[in-house]
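Letters go in sequence order (proteins before strands), and every chain restarts at 1. Note that the structure is predicted; figures quoted are calculated from it, not measured.
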There are 2 protein chains.
Amino acid sequence: MAMKALSKTKAATIYQVAQRAGVSIATVSRALRDSELVTEETRARVHAAAAELNFTPNRLGRSLAEGRHAANGIVFPDLVGPYYAEVVLGYEAAAAGFGSSVLILATHGRADAAAAVQELAGRVDGLAIMGQTVGDDVVERIAATGLPLVLLARDPVKDVDTIRTRNERTAQALAAHLLGHGHRTFAFLGDPGGAPDVAGRYAGIAARLRAQLVPCDLDLESGQAAARELLRDPPDAIVCANDEVALGVHLAAEAAGLRVPDDVAVTGWDDLLAARFAHLTTVSQPMRELGATAARWLDHRITERTTDPAGRATAARRRVLPTELVVRRSCGHHPPEVRT
Amino acid sequence: MAMKALSKTKAATIYQVAQRAGVSIATVSRALRDSELVTEETRARVHAAAAELNFTPNRLGRSLAEGRHAANGIVFPDLVGPYYAEVVLGYEAAAAGFGSSVLILATHGRADAAAAVQELAGRVDGLAIMGQTVGDDVVERIAATGLPLVLLARDPVKDVDTIRTRNERTAQALAAHLLGHGHRTFAFLGDPGGAPDVAGRYAGIAARLRAQLVPCDLDLESGQAAARELLRDPPDAIVCANDEVALGVHLAAEAAGLRVPDDVAVTGWDDLLAARFAHLTTVSQPMRELGATAARWLDHRITERTTDPAGRATAARRRVLPTELVVRRSCGHHPPEVRT
DNA sequence: CTGAAAGCGCTAACAT
DNA sequence: ATGTTAGCGCTTTCAG
């Protein structure tokens, strides 16, 4: 059946398909992209040839010719914790809807993060940058190239679109709730200088009550370690910058023979799946929506740019997505009708 | 200072840099890639010009010329649950170490998954495919292209490299443990026909004990729904295909006023963070390592291919990564010294 | 409807 | 050490 495959080591090109189908590469291109300028018969022949050769167009060639990557990127500090994963998933799903592939880059706090992000910038039509992955200088430099950009969970930079989640106000609500429980002494676990999100949460708390500030990274182990110290003379309540830290505190409390919330109240932020099972009072964020919105905004910018390359870009957009206090048991005892 | 930026809407090209630096594009290319064939002085001038123009090389041009994407892809069903996120993170970290960007594709069970994967195949130097995202036909077609491929958590396909995690044997250990608790009636929640992983787990369980098979998707809600039915006349123990299902059973049991493990024992698989706080007996998998191994193998294949394009490829590799039973409280009561 | 040919931005011989 | 030039694989005028 002449199904003889090529040398296994080299993908077929449009030229081979053209030759096999007995047409020009232009016709192959047209036929494969369902242009209307090809006979049904020709199209069939081309498709057959392509199938026989197992041909998939090389995106590099296509993109270079089209002048677009058909790909977007997203940069985040790490993928640990469901938090970033959810954002990325929302982003990917939305981008896929626009026909864009997505490139991910986890900086892991690497020193060469800036270079990696710049390099990524050269591969995409638009880029979402989360948190403190790179400095403002890098953001500005990339923005200056005209590449559509959107910042996530990060302080705005000049003319760049930014999407955040509500921190301060919900933190105030959390503080009020804790005060309502009768708690009077507090500690805040987290580093307000590290992430804007954390800064906002601390600001909201500090606006309502006096809390001892205990610097702490955002992972479970850091929370655990910080708590070990703190729990020797525990405050009434420990407000944690995120759920992972709070879960670490939980473990430390358990290890120290302390009960939550009787001996010490604990709260987190993010509403991870684990928070539900640790009965952790926390704050839920629309993470999926955060990512999806980013992808949508980028798509708009990209379209706007290709539609009217000359026109002045519309003003930078800002959005703060709502967050919600999720009351469970870790903040203190509630009447029985309160939700899980 | 002549720092006049270009029209904001168009990234600079190597030609503009060349002109500005008063050299040829070849020299720019050399200078920027730190070739040794440029004077220190020229290099400086080029770098200055590039900086002024805020130039970042377009990867399309570069890749097309170099004949490689410097990017790898990974395909998974979804990113929900820390499971896939961890695998992806391990993959990304390792790939970054090899200088490759990574493209992600979540199929979400979409009908056009095959087309999306094929398209992705045209963008990368190597591709990792997880689980039942696409059929064997697609895998074979892509493999026939010569594109390095590695299958994760999926049954092997002809000459394609495959990495899995140990399911059957550890499931047998789990079964033995449950029998040791004195449990005598069992249910298995999951669909062995859906994922090879689940099939392996079920096979291991079924090898040791008789369990009622209750088909169930792999998410929390499905587990919850399936359990609601099942818990009307609960078996001694419910073995779940993964942690999310088990957590769903937990919630259903709680809602039904049943205690775990006293009224019904429950086990999961994956050892999610939440499992720890739900005191769930489960099985831990080296997910990060799964992803990292995939990236390493791909890098080898890619190197092998470019080093010796003619040579016959080495035989397909197979690897099964070890998994570990994690005993907590949900499977039954243990003497106090048993770990959390 | 189809083909020839000019790029897209960059690298890598090959000259000089 | 630097410049010229030919592609890389594809899309897209521009001519038939």
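Look at CG on B:N58: it is 9 Å from C1' on C:dC8, rounded to the nearest Å. Atom pair B:E66:CD and C:dG9:P shows a separation of 17 Å (rounding to whole Å applied). Atom OH in A:Y15 sits roughly 11 Å away from atom P in D:dG7 (whole-Å rounding). What separates NE2 of A:H69 from P of C:dC8 is a distance of 15 Å, to the nearest Å. One atom, CG of B:D125, and another, P of D:dG9, lie 13 Å apart when rounded to the nearest Å. The CZ-C1' distance, from A:R68 to C:dG9, rounds to 18 Å in whole Å. The CG-C1' distance, from A:L53 to D:dC10, rounds to 16 Å in whole Å. Between A:L64 atom CG and D:dT12 atom P there is a gap of 12 Å when expressed in whole angstrom units.
In this model, a side-chain donor or acceptor of A:R30 finds a partner on the base of D:dT13 within 3.5 Å.
Between A:R141 and B:T56, the side chains place no donor N or O within less than 3.5 Å of an acceptor N or O (distance only, hydrogens not considered).
Looking at heavy-atom distances under 4.0 Å, A:S29 makes contact with a base. The residue B:R33 sits close only to the backbone: its heavy atoms come under 4.0 Å of sugar-phosphate atoms, none of a base. Heavy atoms of B:T42 sit under 4.0 angstrom from primed sugar atoms or phosphate atoms, though from no base atom. Residue A:L37 is classed as a base contact, given a heavy-atom separation below 4.0 Å to a base. Contacts of A:V28 with the nucleic acid, taken as non-hydrogen atoms under 4.0 Å apart, are absent.
Closest approach to the B:S24 side chain among C:dC1, D:dG3, C:dG7 is made by D:dG3 (side chain taken as heavy atoms from C-beta onward). When the nucleotides C:dG9, C:dC1, D:dG9 are ranked by their closest atom to the side chain of A:T39, C:dC1 comes out on top. The side chain of A:A65 approaches D:dT11 more closely than any other nucleotide in the set D:dT11, C:dT2, D:dT2. Of the candidate nucleotides C:dT2, D:dT11, C:dC10, D:dT11 has the atom nearest to the side chain of A:I25. Residue A:A26 has its side chain nearest to C:dA4 when only C:dT11, D:dT2, C:dA4 are considered.
Open room surrounds CD on B:Q19; 12 or fewer heavy atoms of other groups in view lie less than 6.0 Å from it.
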Distance-only criterion, 3.5 Å: show the donor-acceptor pairs between side-chain atoms of residues 64-77 of chain A and protein atoms not counting sequence neighbours.
unit_1, atom_1, unit_2, atom_2, d
A:E66, OE2, A:R33, NH2, 3.1
A:H69, ND1, A:R123, O, 3.0

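Distance CG/A:L147 to CD1/A:I302: 7.5 Å, rounded to 0.5 Å. Taken to the nearest 0.5 Å, the CD atom of A:E92 stands 8.5 Å off from the OG atom of A:S101.
Between B:R62 and C:dT11 there is a side-chain N or O to OP1 or OP2 distance below 4.0 Å.
Residues B:P57 and A:G22 each lie close to DNA chain C; by heavy-atom proximity, the contact nearer the 5' end of the strand is made by A:G22.
Taking 4.0 Å as the cut-off between side-chain N and carboxylate O, B:D159 and B:R317 do not count as a salt-bridged pair.
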